[in-house]
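Below, all heavy atoms of this structure are taken into account, side chains as well, without hydrogens, waters or symmetry copies.
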Amino acid sequence: MKLVEYLLDSGTRSVFLPATLVALALVVLMPALSVFVAIKRMAFLGQGVSHAAFGGVGIALSLGLVFPLLATGWGVQAVVMAFCLAAAFGISRLSRVGGTDTAIGIVLAVSMALGFLLYRVAANGTPPGEPPPPPIEAVLFGSVLAVTGADAVVAWLAAVGIGLTIWLRRHSLSFWAFDESGAEAFGVNSEAMRTMLVVLIAVAVVITTRLAGVVLATALLIIPGASALRLATRMPAAIMWSSLVSLIGVLGGLIISVEFDLEPAPAIVLVLALAYSLARMFGHRA
Amino acid sequence: MHEGRDHAGPPTSGDDAVVVRGVSKSFGDINALEGITLGVTTGERLGVLGPNGGGKTTLIRLIQGDLRPEQGEVEVLGRTPIEARRAGLVGVVGQKNSVETSYPATARDLIGMPLLLRRSAADCREQIESAVRLVDASDFADRPVRGLSGGQLQRALIARAIASGAELLLLDEPTVGVDAPGQRLFNDLLDQLQSMTGVTIILVSHQLRTIAATCDRIACLNRTLHLHGDPSGLTPEVLREVFEHDVADLFVAGSPGGGADAGSEAPS
């Protein structure tokens with residue numbers, strides 16, 4: 001396999017090792033969340049949050065005209081993360097009034113509009129002679145093969161943080177996911193559980209979007225959990241199945257893309273979709 | 001307005017599981033409950049009957065400690081409602097359509113969920129098993145939740161409510177959508193449960209038949225307490241008073257969220 005050869009070759013390792021490490025971090029980051037997303041039907045929350053990244057980039061670049069630090073790579077990341085978290089909370093608040101799909105639609109459209117307008121402001125405001133900001137689309141459609149070692153570290157920190165948070169609160173989170181009002185009657189704080197899940201989803205989606213693009217972020221948030229619910233009858237097994245589907249999708253897609261010189265993200269999505277079809281065919285009815 | 005047919009005597013004996021004294025509760029300008037006084041004797045089965053919006057669920061939530069009364073007080077097993085619930089003495093079964101049946105869990109997992117909030121899995125095993133036996137759930141305890149029948153899911157939810165040793169069981173509309181044979185099975189289950197554990201049950205329903213046939217005493221609620229006593233007191237007059245008289249009222253002031261405005265502004 002070319003992926004293995006490239007990883008062993010000292011000349012190409014510097015490109016393919018971070019990519020592989022990031023890809024494996026995504027396999028730790030997403031699966032447990034994905035199961036809860038499938039149960040609570042929060043798939044489109046991820047969609048809204050990932051598109052909010054446009055708004056974040058626009059804000060970072062336009063504010064960067066005044067505070068140059070914000071327009072640097074990490075500055076943009078920080079602003080995007082903050083804005084996406086705000087968007088996630090906005091969705092969660094709005095959905096209490098008008099329904100989740102309406103809330104996501106509004107936040108998604110407003111974030112993208114704001115992002116493109118502010119990007120234009122930033123581009124127009126760039127002094128002549130200086131390079132214009134990178135195209136806004138590039139920030140959203142990240143490439144696994146373009147990531148650095150630092151990206152891999154951030155992805156792994158997030159993966160461990162999210163995994164640990166879910167593990168520590170697993171009993172209340174499971175009870176709440178199964179039966180909100182029942183869990184409340186036993187003293188579980190429903191609002192806190194929802195907020196926690198929204199924050200975790202936002203963090204996971206923002207990191208995945210930056211590294212692998214919005215399409216892959218959506219696919220990794222939805223497909224493994226949806227497959228797992230067809231295959232497992234208990235929670236630990238569901239998380240194992242979800243992890244396995246993620247692993248097969250990410251590793252399989254990566255291998256195929258390197259082997260045939262294709263884009264990794266679409267290849268991963270298609271392998272995930274294949275895994276989901278198999279789960280539907282051979283699993284029980286959800 | 002109300003020709004108060006308040007049959008409730010003052011709560012008397014010290015062995016009342018629940019004592020509600022002069023409780024009023026309103027939401028905004030809507031009075032949900034007014035001056036409710038009633039006692040629930042330990043080990044009895046009290047049916048709470050009334051129209052939708054009549055305050056049944058509000059009463060349950062006051063006893064659960066979810067809401068606090070504006071006036072009066074509620075005492076549960078000699079403690080405040082919140083203390084009683086924290087001590088695991090109060091089990092609650094809501095309407096069963098609140099559960100996500102796609103959730104990957106067996107009936108046994110479901111029963112253990114509240115116990116696992118406080119203790120390790122190993123410490124909970126024995127309590128889970130005894131709850132499984134109490135509701136005769138042994139033959140479907142390992143079945144996934146999505147494969148349970150409505151009646152089995154309900155048994156599991158009741159087992160979940162009493163697994164921590166509850167002495168008071170609150171059931172909110174437990175037989176909605178359950179057919180007649182299912183209701184009989186359900187009543188048998190409650191009989192069995194009470195004879196084995198002596199648990200006090202408060203059962204809320206708007207289905208007259210469920211309540212009249214199976215409860216020791218009945219409380220008819222429509223904002224005020226219209227009847228508190230033996231099911232034989234459920235005369236047609238009482239029912240008309242509780243259900244019909246106030247159904248008209250509801251259109252004017254009873255529906256939350258602007259119902260009152262719409263009523264007053266509509267041309268007559």
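Crowding of B:R119 atom CZ: a count of heavy atoms from other residues, nucleotides or ligands under 6.0 Å exceeding 12. Heavy-atom neighbours of A:M240 CE from other residues, nucleotides or ligands within 6.0 Å: at or below the threshold of 12. Counting non-hydrogen atoms of neighbouring residues, nucleotides and ligands closer than 6.0 angstrom, the CH2 atom of A:W176 exceeds 12 such neighbours. When the shell of 6.0 Å around CZ of A:F44 is examined, it contains 12 or fewer heavy atoms from other residues, nucleotides or ligands.
The side-chain heavy atoms of A:H284 and B:R146, taken from C-beta on, include a pair separated by under 4.5 Å. The shortest distance between side-chain heavy atoms of B:M113 and A:D179 does not fall below 4.5 Å. Two residues are said to be in side-chain contact when any heavy atoms from C-beta on lie closer than 4.5 Å; B:V145 and A:F178 meet this criterion. Looking at A:R234 and B:P104, their side chains never come closer than 4.5 Å, going by heavy atoms from C-beta outward.
Residue contact with chain A, scored on non-hydrogen atoms closer than 4.5 Å, is absent for B:R143. With a 4.5 Å cut-off on non-hydrogen atoms, A:A238 touches chain B through its side chain but not through its backbone. B:R108 does not touch chain A: none of its heavy atoms, backbone or side chain, sits under 4.5 Å away.
For the atom pair B:L115 CG and A:F175 CZ, the distance stands at 9.5 Å (nearest 0.5 Å). For the atom pair A:F36 CZ and B:Y103 OH, the distance stands at 5.5 Å (nearest 0.5 Å).
When the candidates A:S181, A:A183, A:A177, A:A237 are compared by the number of heavy-atom contacts under 4.5 Å with chain B, A:A177 comes out ahead.
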Cut-off 3.5 Å, no hydrogens considered: what does the side-chain donor-acceptor table look like for residues 80-93 of chain B, sequence neighbours left out?
residue	atom	partner	partner atom	Å
B:T80	OG1	B:E83	N	3.2
B:E83	OE1	B:T80	N	3.4
B:R85	NH1	B:D66	OD1	3.1

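Across all their heavy atoms, A:I39 and B:S102 have their closest contact at CA-OG, 4.2 Å. A:F186 and B:P114 get closest at one heavy-atom pair: CD2-CB, 3.6 Å.
Residues of residues 164-174 of chain A lying under 4.5 angstrom from chain B, judged on non-hydrogen atoms, are A:H171, A:S172, A:S174 by number.
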